[in-house]
Each structure stands twice: as structure tokens, then as C-alpha cells.
Amino acid sequence: QVQLVESGGGLVQAGGSLRLSCAASGIIFSINAMGWYRQAPGKQRELVAHITRGSSTNYADSVKGRFTISRDNAKKTVYLQMNSLKPEDTAVYYCNIYPSVRAYWGQGTQVTVSS
């Protein structure tokens, strides 16, 4: 059974930083590209960043230069370092493989950025 458990969210002021973690089980983590996604209230879920099994990365334009995705295959964990946070980054953040698989969505972690 695949489990993806996100953690590290919270309430932060604009300009602040957070580091999200996603621990994976039930998949061969090292061979999968992984992604971070987010869903803001009233909006569709969107891809924020993804990282290939070779650790190549790609980012949405809205977060480029502020967010960094990384992975630790030994720990089966993917991270999202978020700096210079803006109120528009407020959302529930999820990880999934990339491209995403519907059955793999977890509970996500809430990130709230106050102005």
C-alpha cells in the first residue's frame, strides 16, 4: 500500500521560510520522479515543482527562485524548501509521484502565509 505523508506546514509571515517533508512508503522511491503540488481555496490543484530520479528539477514560474525541491533516496523522502513566502502561497501542499497518481494523494500539509 502506497503512503505519502506530508509534514512541515504551518503559519508564517510573508517573507518567511518553511521546509516541507514527504515520507514515502510502498513504492520503489528511487525510480520515481516526485512532485510537490498545492491547492489553494477555490482553486484547482497545481504542480509546484518536480524532481526526477536523477535529481533534475523543474518549477512553476510562480515559485521559481524561491522554492527548492530535493530528495533523499535513502530516507525515501522528498523536501520542499520554501523561502520568501508570499500570501498567495497559502494552500494545502501535497506530494505525489510525477505525473501524479490519483490513488496516492495523502492528507497534505497546510501552509498559511500572513501579510
Side-chain angles (χ1 to χ4, degrees):
Q1 182 180 357
V2 175
Q3 275 197 313
L4 299 169
V5 180
E6 303 92 347
S7 62
L11 173 63
V12 64
Q13 287 189 331
S17 297
L18 285 173
R19 189 193 194 205
L20 306 184
S21 300
C22 170
S25 61
I27 59 172
I28 305 174
F29 182 83
S30 61
I31 68 170
N32 281 282
M34 297 297 297
W36 279 100
Y37 306 76
R38 68 185 180 187
Q39 187 167 19
K43 294 188 177 181
Q44 289 197 339
R45 187 149 39 196
E46 62 175 353
L47 177 67
V48 173
H50 78 268
I51 184 166
T52 68
R53 62 181 183 178
S55 294
S56 296
T57 59
N58 200 6
Y59 299 91
D61 287 343
S62 58
V63 307
K64 207 170 288 185
R66 299 188 297 121
F67 291 10
T68 302
I69 188 171
S70 60
R71 65 190 297 159
D72 185 331
N73 288 340
K75 294 183 178 180
K76 297 183 180 180
T77 300
V78 60
Y79 304 97
L80 187 68
Q81 178 67 43
M82 305 186 297
N83 299 328
S84 302
L85 282 161
K86 303 176 180 180
E88 50 263 44
D89 295 318
T90 295
V92 179
Y93 283 71
Y94 304 87
C95 71
N96 203 318
I97 66 172
Y98 175 81
S100 64
V101 172
R102 185 177 181 178
Y104 293 176
W105 294 114
Q107 296 299 310
T109 186
Q110 175 71 47
V111 171
T112 303
V113 184
S114 63
S115 57

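Excluded from the calculations below are hydrogen atoms, water molecules and symmetry mates; all remaining heavy atoms, backbone and side chain alike, are included. We're numbering straight along the sequence, starting at 1.
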- Value for SG (C22) from NZ (K76), rounded to nearest 0.5 Å, stands at 12.5 Å
- Can you check side-chain contact (heavy atoms from CB on, under 4.5 Å) on Y79 and D72, steps first, answer last? CA-CA 8 Å; Y79 304 97; D72 185 331; 4.0 Å; yes
- Message: Using modelled atom types and a 3.5 Å cut-off, is there a donor and acceptor pairing between side-chain atoms of Q110 and backbone atoms of G9?
- Response: no
- What's the shortest heavy-atom distance between A24 and L4, and which atoms? CB-CD2, 3.5 Å
- Task: Determine the minimum heavy-atom distance between A14 and P87, stating which atoms define it.
- Result: CB-CD, 4.1 Å
- Item | Non-hydrogen atoms of I97 and Y37 that approach each other most closely | O-OH, 2.9 Å
- Item | Donor-acceptor contact below 3.5 Å, side chain T90 vs main chain V113 | yes
- Message: Against the six-membered ring of F29, is R71 placed for a cation-pi contact (under 6.0 Å from the centre, within 45° of the normal)?
- Response: yes
- Message: Is there a path of hydrophobic side-chain contacts, each under 4.5 Å between heavy atoms, that joins V5 and M34?
- Response: no
- Item | Validation row, ring centre Y93 to ring centre W36 under 6.0 Å | no
- Contact check, side chains of R38 and S62, non-hydrogen atoms, under 4.5 Å: yes
- Message: Please determine whether residues V63 and L20 belong to a single hydrophobic cluster, defined as Ile, Leu, Val, Met, Phe, Trp and Tyr linked transitively by side-chain heavy-atom distances below 4.5 Å.
- Response: yes
- Item | Presence of salt bridge, D61 and K64, under 4.0 angstrom | yes
- Message: Tell me if the CD atom of Q107 is crowded by more than 12 foreign heavy atoms within 6.0 Å.
- Response: no
- Would V92 and W105 show up in the same hydrophobic cluster when neighbours are defined by side-chain heavy atoms closer than 4.5 Å? yes
- Message: For the backbone of I69 and the side chain of Y59, can you confirm whether one donor and one acceptor N or O come within less than 3.5 Å of each other?
- Response: yes
- Minimal non-hydrogen separation, G35 against L47, with atom names: CA-CD1, 4.5 Å
- Query: Would a 4.5 Å heavy-atom cut-off, applied to side chains only, mark D89 and R66 as touching?
  - Reply: yes
- With side-chain contact (heavy atoms from CB on, under 4.5 Å) as the test, would you mind laying out the steps for N83 and S17 before giving the verdict? CA-CA 4 Å; N83 299 328; S17 297; 2.9 Å; yes
- In terms of hydrophobic clusters joined by side-chain contacts under 4.5 Å, are V111 and F67 together? yes
- Interatomic distance, CG@L85 vs CG@L18, rounded to 0.5 Å, equals 5.5 Å
- Item | Given L80, T57, T68, the one that forms side-chain contact (heavy atoms from CB on, under 4.5 Å) with I51 | T57
- Message: Rounded to the nearest 0.5 Å, what separates atom OG in S115 from atom NZ in K86?
- Response: 14.0 Å
- Give the cluster check for V101 versus Y94: same hydrophobic cluster or not, with ILVMFWY residues linked at side-chain heavy-atom distances below 4.5 Å. no
- Backbone N/O of H50 and side chain of N58: donor-acceptor pair under 3.5 Å: no
